[in-house]
Amino acid sequence: MIRIEGMHKWYGEFHVLKDINLSVRQGERIVLCGPSGSGKSTTIRCINRLEEHQQGKIIVDDVELTSDLKHVEAIRREVGMVFQHFNLFPHLTVLENCTLAPLWVRKIPKREAEEIAMEYLNRVKIPEQANKYPGQLSGGQQQRVAIARALCMKPKIMLFDEPTSALDPEMVKEVLDTMIGLAEDGMTMLCVTHEMGFARTVADRVIFMDKGEIVEEAEPEIFFSNPKSERTKLFLGQIL
Ligand code: ADP
Ligand code: MG
């Protein structure tokens, strides 16, 4: 579903991503971890062109990501993204947040878009919040709305960028449980997270990045019990 080959990116003079090679098969759950500033967000933001890479290839569901707007739009339709800070529209209700893109991008009739939205709000267990505004919800509820909103576009792949990092501890579980449910339904997922419990139970592979490079990649069991690189050991020592 995702193939990244020899990707490099610079922010001005700063070489932020160095020869990234990464692939995600259909139905696979990948956890991407690494120290702050290692390039995790930049990597996943490149996948739907929120950032532009300068060298190498990104191929999503057989479409190569180029500056051709048609390709960018085709890929964005397949890829749902959930951010650390929810990024909901504060002036729209929960239901309106969920129907906006289906109405305007997918051109789905309003009644149908609302039915789909309610289906996913049910799935993330907050249908009763549909007519409230994001500011009236807890952080955990807002993040579940953000997940439902992404799902309303029926993406083939979900990208998560530290979806629980901005949450109070008691709300982390409800969001992780939602993500576990998605994984059980077979969603292809690439998740930046430091929730190593989640990585252990859900991930098919864990990828460790440091200083703009992929340092190590392994099944969770091996990654946690027998990391190869010193940099991985140091990182695990700090977070576990
Ligand atoms: P991570 O998500 O792993 O914490 P990021 O991908 O956000 O790392 O950032 C990688 C590096 O790129 C960091 O050193 C960060 O300061 C830098 N960086 C991120 N965004 C920009 C930007 N828009 N312009 C310049 N430097 C940036
Ligand atoms: Mg980040």
Side-chain angles (χ1 to χ4, degrees), residues 2-24 29-58 60 65 67 72 75-76 79-88 139-140 142-143 146-147 149-150 155 157-169 171-172 175-176 178-179 189-199 202-203 205-218 220 223-224 227 229-240:
I2 302 174
R3 208 161 80 229
I4 301 179
E5 292 174 359
M7 173 172 70
H8 291 259
K9 173 169 180 61
W10 288 263
Y11 283 123
E13 297 281 284
F14 176 50
H15 197 175
V16 58
L17 298 178
K18 302 165 190 161
D19 192 28
I20 301 295
N21 293 281
L22 186 167
S23 62
V24 185
R29 284 76 48 110
I30 308 295
V31 162
L32 184 57
C33 63
S36 177
S38 57
K40 306 177 300 292
S41 295
T42 306
T43 300
I44 66 166
R45 289 169 65 85
C46 282
I47 294 171
N48 61 358
R49 204 59 155 200
L50 294 175
E51 299 287 352
E52 205 173 310
H53 64 293
Q54 279 99 33
Q55 215 176 295
K57 272 187 188 175
I58 300 177
V60 181
L65 188 54
S67 49
V72 175
I75 287 173
R76 284 189 182 157
V79 177
M81 178 133 181
V82 174
F83 303 88
Q84 184 174 356
H85 294 288
F86 329 138
N87 296 7
L88 297 170
Q142 289 187 57
Q143 193 58 299
I147 294 172
R149 178 177 65 173
I157 303 160
M158 286 284 285
L159 306 177
F160 291 88
D161 192 359
E162 302 204 38
T164 60
S165 300
L167 298 177
D168 291 331
M171 293 170 191
V172 169
V175 171
L176 290 178
T178 304
M179 293 168 66
M189 296 163 71
L190 177 56
C191 312
V192 175
T193 180
H194 291 155
E195 292 293 335
M196 291 298 133
F198 175 82
V202 174
R205 266 186 296 142
V206 182
I207 297 175
F208 174 68
M209 279 186 81
D210 191 17
K211 301 193 176 85
E213 295 173 314
I214 292 181
V215 174
E216 187 156 349
E217 185 175 334
F223 182 83
F224 290 109
S229 118
E230 287 307 315
R231 286 199 267 176
T232 312
K233 285 179 199 167
L234 186 66
F235 173 74
L236 289 174
Q238 284 163 347
I239 64 160
L240 292 178

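Everything quoted here is computed from the prediction, not taken from an experiment. Just so you know, ligand 1 is whichever comes first in the structure, and atom 1 is the first atom listed for that ligand.
Atom CD of residue Gln84 and atom CD of residue Gln143 lie 9.0 Å apart, to the nearest 0.5 angstrom. In this structure, the separation between NZ on Lys9 and CZ on Arg45 is 10.0 Å, given to the nearest 0.5 Å. Here the NE2-CD1 distance, from His53 to Ile58, works out to 4.0 Å after rounding to the nearest 0.5 Å. The OG atom of Ser38 sits 10.5 Å away from atom CD1 of Ile214, with the distance rounded to the nearest 0.5 Å. Expressed to the nearest 0.5 Å, how far OG1 of Thr43 lies from CG of Leu22 amounts to 7.5 Å.
Residues Val172 and Glu195 come closest through the heavy atom pair CG1-OE2, 3.6 Å. Scanning both residues, Ser229 and Glu216, for their nearest heavy atoms gives N-OE1, 2.9 Å.
Every residue meeting the ring pair (Phe, Tyr, Trp, His ring centres under 6.0 Å) condition with Phe208, not counting sequence neighbours, appears here in chain and number order: Phe235. Under the rule for a side-chain contact (heavy atoms from CB on, under 4.5 Å), the partners of Lys233 that lie at least two apart in sequence or sit in another chain are Pro227, Glu230.
Within 4.0 Å of ligand 1, protein heavy atoms belong to Tyr11, Phe14, Val16, Pro35, Ser36, Gly37, Ser38, Gly39, Lys40, Ser41, Thr42, listed by chain and number.
By the criterion of a separation under 2.8 Å, the protein N/O/S atoms near the Mg ion (ligand 2) amount to Ser41 OG.
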